[in-house]
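Encoded as structure tokens, the structure appears first; notes follow it.
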Amino acid sequence: MFDFYEDTLPGKANEARIKGLKEITDREFTVKLLPGNRWVLVSSKIHKDTDGLVQTYLFIRDASGLKKRERLFAYLNQAAAALAKTRDTSGALSLVAQLIVPEFADWFTIDRIKNNLLELLLLKHKDAAKIEWAYQYRERYPADLNSDSGPAVVVKTGKPGFVPVVTEEMLDLVITDPVQRGEVKKIGMQSVIIMPIFINDKVGGLVNFITSAAGHYFDEADLEFAENFAHLVGLALENARINEDNAAEITRRKQSEEQFRFLTDAIPHKLWTASPEGRATYYNEKWYEYTGVHGFEALKERIWDHIHPDDRTITAVEYPKAIQAGVPVEMEQRLKRHDEAYRWHFSRLTPYKDEEDKTILWVGTSTDIHEQKVAGMEMAALNEELAAANEELMSMNEEVAATNEELGAANEELISMNEEVAATNEELASANEELAAINEELTDTQASLLRSEKLFRSIALNIPGSLIIVIDKDHCYLTIEGDLMTRLGYNKNDYEGKHPADISAERYEASRSLYERVIAGETFSVERKADTGQSFIVHFVPLRDGKGEVEAGLIITLDITEIKQAEEKSAKLAAIVESSDDAIISKTLDSIVTSWNAAAGRLFGYTEDEMIGETIYKLIPPDRLDEEPQILARLRSGERVDHFETKRITKDGKMLDVSLTISPVKDTMGNIIGASKIARDITERKTDEARKNDFIGMVSHELKTPLTSLSAIMQVVHEKLKRSDDGFLAGATEKANTQIRRMTGMINGFLNISRLEGGKMLIEKQPFELNRLLHEILAEARLTATAHTVQLKDNVRVTVNADRDKTGSVISNLVSNAVKYSPKGKLVEISYQVRGNMVEVSIQDEGMGIKPQDIGQIFDRYYRVETNHTRHISGFGIGLYLSAEIIKQQGGEIWVESQSGKGSTFYFTLPLATDQ
Ligand code: ADP
């Protein structure tokens, strides 16, 4: 009865139900019809009339269209899920092609629109020979996007092109060229759908479906499917492109991070980075070389031990403070080298911030400034260099900030793009969610990679005095960066993209073998000196692709002129210091020895190892220990100590006479941080002097005895002849006595000086009345200095605790000088005044005075002012020297105030006796 039913199982079952007079609703059947099978929905209704006649009503509806749509959507979902998993363009395309041909269409093409031309991405047909033919056809007759037919209209309007039935007449009308028409007819085109592909809301390509099997026509359901499919293709292509770009980006950035590592290792500074909280995240190679500690974790753990104990406090305070405030900090620190030697470093810690001004990384550098610091030399130069480096760092920060902004924008774009992709994907298939998640993850990795790479790149490019070149395998310049180029007056546009041989064949020949070595995979460095005297170090590094093949060469040139010059200078300086005959020693303000030359070793008997890090007190004899604090106090106030004669003790206990010249050593900020001293052995000179002194002492002593007798005799003679009638005799003996007194004075002076120098001058302190002594001297002076008025401004009775004889000789000396150095008839006034527990005595004259340049020296031994006036005045320049020594040994002070041509006033002080 139902013989048009397809003989399928459900068909049979339903048929049995109908025959058994059971009703059915919307059961599916396939019906054999020409030209193909169709799907129908069948429902049955059983009707019994009053006569008991049973009738079955059948309701049959054509469901083929519905069925087809259902099938196509299932198919589309399957395609979407598969496409969502592809990660590259070619994978996505071949999958798409397999899904379409021959299932849905016989011919299938995908084109991309580039520069208003169609670029064939995919052409698929089940027959390879036909594909070959189709490629040739496309080449011969490229589609004209400016025309008014087929693809051009789809591109222009963004609407699908659909020709359900292609007739010969149509082809004749559209294709005017008979040869082309002949070719097209070979396709046997039945039905055509052209779909636009939208990329970012613009028509970015076309998908073309063609059927060629007889009677195979596309209908509305096919059109709907084609539209969805084209959409899917567009998304898949876009996703694949993003994925490919990301992968390429990541490889590129990994590479540039490696380049950065090399760069940071190539610079002569110690560089490290730390997390926002200040925990170290990276040390460059120089750190490991310097400390001798290898491995990041090991160094991180022990870095504190490499800071000098005295510099730890400031480091422990300043670093956290800077990190807390997010501001840069600079300091000078001593860092311990692998051989335990401490070297001065200038360290700087700078925050690297994101666009929200949040610190995301700290960059620290430490520069060895030991030579400059210890030698106290080249401070200004270093300062300038540091200032320049600072500026450089500032501008680097700015640049980093700028790049950051750029980065932010680029990231936002990427994120919004990804969001868009994710949103559309959701609409289509849940499988695409996975892709969105992966994309997000990728964005994160990419963002962090991008950040670190940009930062590293800016650091690398901002190393002062650098030039970075990348060459390809044929030695062509790919990239040229760095401030050295502009400094040398080159323009990167003259180089980038060019071959070195085209710029200078001669120069290329000179460097060619180096280029060949780096492209052959060798990493090496060479040093070069330019005609201008500048020194450079050039590092060559091969750059490898993912498979480890060399694809380019990185050439890093660093200007090391200043380093070289500093090295040469300090080498020269070191050679001078080392070859000097004088001991040259430097020490800290805590008296710790920091350098020790060969002559110091010869003089004091200690080797460098025995003295460095030790205290200088080892050299000072026990009775002179108080000298060091006094010297340090003078150094601290910036004063230099010149030719300080003292004694020092050698390793084997020998006493040496030395003359010390000590200068303060300043750091870059002008703070005094130590001292450098030159010690000269003057033992021999001292021995000579001692011999001379002994001789003077002996002669004076021998002269004194006959002179004393002579003086006594002359006094008797004078007494006898005083009242003689011969006026001449009386005057002559008077004059002879004066001369004898002067001679006695001089000989006493020499005797005293030899005693003083020999350490044999004895000071016997006892209380006595100063005013009485002054009266005695006044009386004596009036006897001899008859041409001058000598006055004493007497006031109170004053008892001092001093050596009466020696103090008397000091006052006599000052009074006789006052007389000697002022014209006849002038006034000499002696006065005294109590000040606290001292008495201040002054001797004032109206004489020639002393010039400022001489004032500082008149208390020196044998010093005499040489002028036309003084030439005729006899003297040896020992009076003031002796006076000063006597006063100082009694705990007093001596000084002079004078105006040239107007007169001088000599002052001295003495301690008062305690019981007054
Ligand atoms: P002398 O007088 O034997 O040369 P002194 O040591 O007493 O040696 O003095 C050193 C120098 O100081 C003198 O040569 C003289 O030039 C200068 N001088 C000392 N006293 C006076 C004074 N009252 N007025 C000017 N010059 C003086």
Side-chain angles (χ1 to χ4, degrees), residues 689 692-693 696-697 699-700 703 738-757 761 774 777-778 780-782 784-785 787-793 805-832 840-889 892-909:
E689 266 172 22
K692 198 168 72 196
N693 270 333
I696 294 173
V699 170
S700 312
L703 283 175
T738 311
Q739 294 305 330
I740 289 172
R741 249 198 310 276
R742 279 186 61 196
M743 208 160 146
T744 314
M746 272 187 233
I747 288 174
N748 277 338
F750 280 122
L751 252 181
N752 277 335
I753 211 162
S754 83
R755 285 191 191 131
L756 180 72
E757 302 276 294
M761 191 172 75
L774 289 174
I777 292 167
L778 179 71
E780 200 183 314
R782 281 184 175 157
T784 40
H788 292 76
T789 318
V790 187
Q791 278 183 2
L792 170 66
K793 258 175 129 183
D805 273 1
K806 300 242 158 42
T807 308
S809 73
V810 170
I811 303 165
S812 298
N813 188 259
L814 293 177
V815 172
S816 76
N817 272 354
V819 170
K820 220 158 69 169
Y821 298 106
S822 40
K824 285 185 179 151
K826 292 288 181 183
L827 177 72
V828 173
E829 192 173 60
I830 310 168
S831 60
Y832 62 93
E840 183 187 281
V841 182
S842 63
I843 293 95
Q844 186 174 17
D845 67 50
E846 301 171 334
M848 62 177 67
I850 306 159
K851 293 209 174 82
Q853 68 264 33
D854 293 316
I855 281 189
Q857 299 168 82
I858 54 165
F859 293 101
D860 291 351
R861 194 174 47 170
Y862 305 134
Y863 188 83
R864 302 204 72 218
V865 177
E866 288 293 332
T867 64
N868 285 336
H869 277 299
T870 53
R871 196 156 301 149
H872 320 289
I873 305 171
S874 68
F876 294 104
I878 56 171
L880 287 182
Y881 170 65
L882 271 174
S883 303
E885 288 303 316
I886 291 168
I887 295 300
K888 277 190 237 160
Q889 290 202 16
E893 277 181 73
I894 186 163
W895 71 98
V896 63
E897 284 168 7
S898 183
Q899 257 186 309
S900 184
K902 289 209 171 140
S904 321
T905 310
F906 281 81
Y907 298 87
F908 69 86
T909 58

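The residues of the chain are indexed from 1 along the displayed sequence. Counting convention: from 1, in listed order, for ligands and their atoms alike. Keep in mind that this is a model prediction, so the values were computed, not measured.
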Could you state the interatomic distance from CG (L778) to CG (L774), rounded to the nearest 0.5 Å? 8.5 Å

Kindly check if the number of other-residue, nucleotide or ligand heavy atoms within 6.0 Å of NZ (K820) is above 12? yes

Given the rule in the side-chain hydrogen bond (donor to acceptor under 3.5 Å, both in side chains) test, do E897 and Y907 qualify, once you have shown the distances and angles that lead to the verdict? CA-CA 8 Å; E897 284 168 7; Y907 298 87; 3.1 Å; yes

Measure the CE-CD1 distance between M761 and I753 for me, rounded to the nearest 0.5 Å. 10.0 Å

Checking Q791 now: which residues fulfil side-chain contact (heavy atoms from CB on, under 4.5 Å) with it, not counting sequence neighbours? T789, L827, E829

Atoms in ligand 1 with a heavy atom of K820 nearer than 4.0 Å: 1 (P), 2 (O), 3 (O)

Which of the numbered atoms in ligand 1 are under 4.0 angstrom from any heavy atom belonging to I878? 6 (O), 8 (O)

Pick from Y862, Y881, Y821: the one approaching atom 21 (C) of ligand 1 most closely through a non-hydrogen atom: Y821

4.0 Å heavy-atom contact, F906 with ligand 1: yes

The closest protein heavy-atom partner of atom 12 (O) of ligand 1 is I858 CG2, 3.6 Å

Would you mind checking which non-hydrogen protein atom is closest to atom 4 (O) of ligand 1, with the distance to 0.1 Å? R864 NE, 2.4 Å

Among all protein non-hydrogen atoms, which one is nearest to atom 26 (N) of ligand 1, and what is the separation to 0.1 Å? I850 CG1, 3.5 Å

Closest to atom 23 (N) of ligand 1 (judged by heavy-atom distance), picking from D845, L814, L882, V828: D845

Which residue and heavy atom of the protein sit nearest atom 7 (O) of ligand 1, plus the separation: N817 ND2, 2.8 Å

Roughly how far apart are W895 CH2 and I855 CD1, rounded to 0.5 Å? 13.5 Å

Do S842 and T905 pair up side chain to side chain, a donor and an acceptor below 3.5 Å, judged on atom types alone? no

Protein heavy atom at shortest distance from atom 8 (O) of ligand 1: G877 CA, 3.1 Å

Taking side chain as C-beta onward, heavy atoms only, is Q889 less than 4.5 Å from K806? no

Below 4.0 Å from ligand 1: does a non-hydrogen atom of G847 turn up there or not? no

Identify, with sequence neighbours excluded, every residue that meets side-chain contact (heavy atoms from CB on, under 4.5 Å) alongside S816. none

Nearest protein heavy-atom contact for atom 6 (O) of ligand 1: which residue, which atom, what distance? L880 N, 2.7 Å

Atom indices of ligand 1 within 4.0 angstrom of G849 heavy atoms, with elements: 25 (C)

Reported CZ-to-CG distance for the pair R755 and L882, which is rounded to 0.5 angstrom: 10.5 Å

Please list, in number order, the atoms of ligand 1 under 4.0 Å from a heavy atom of V865. 14 (O), 16 (O)

For atom 10 (C) of ligand 1, grab the closest protein heavy atom and report residue, atom and distance to one decimal in Å. Y863 O, 3.3 Å

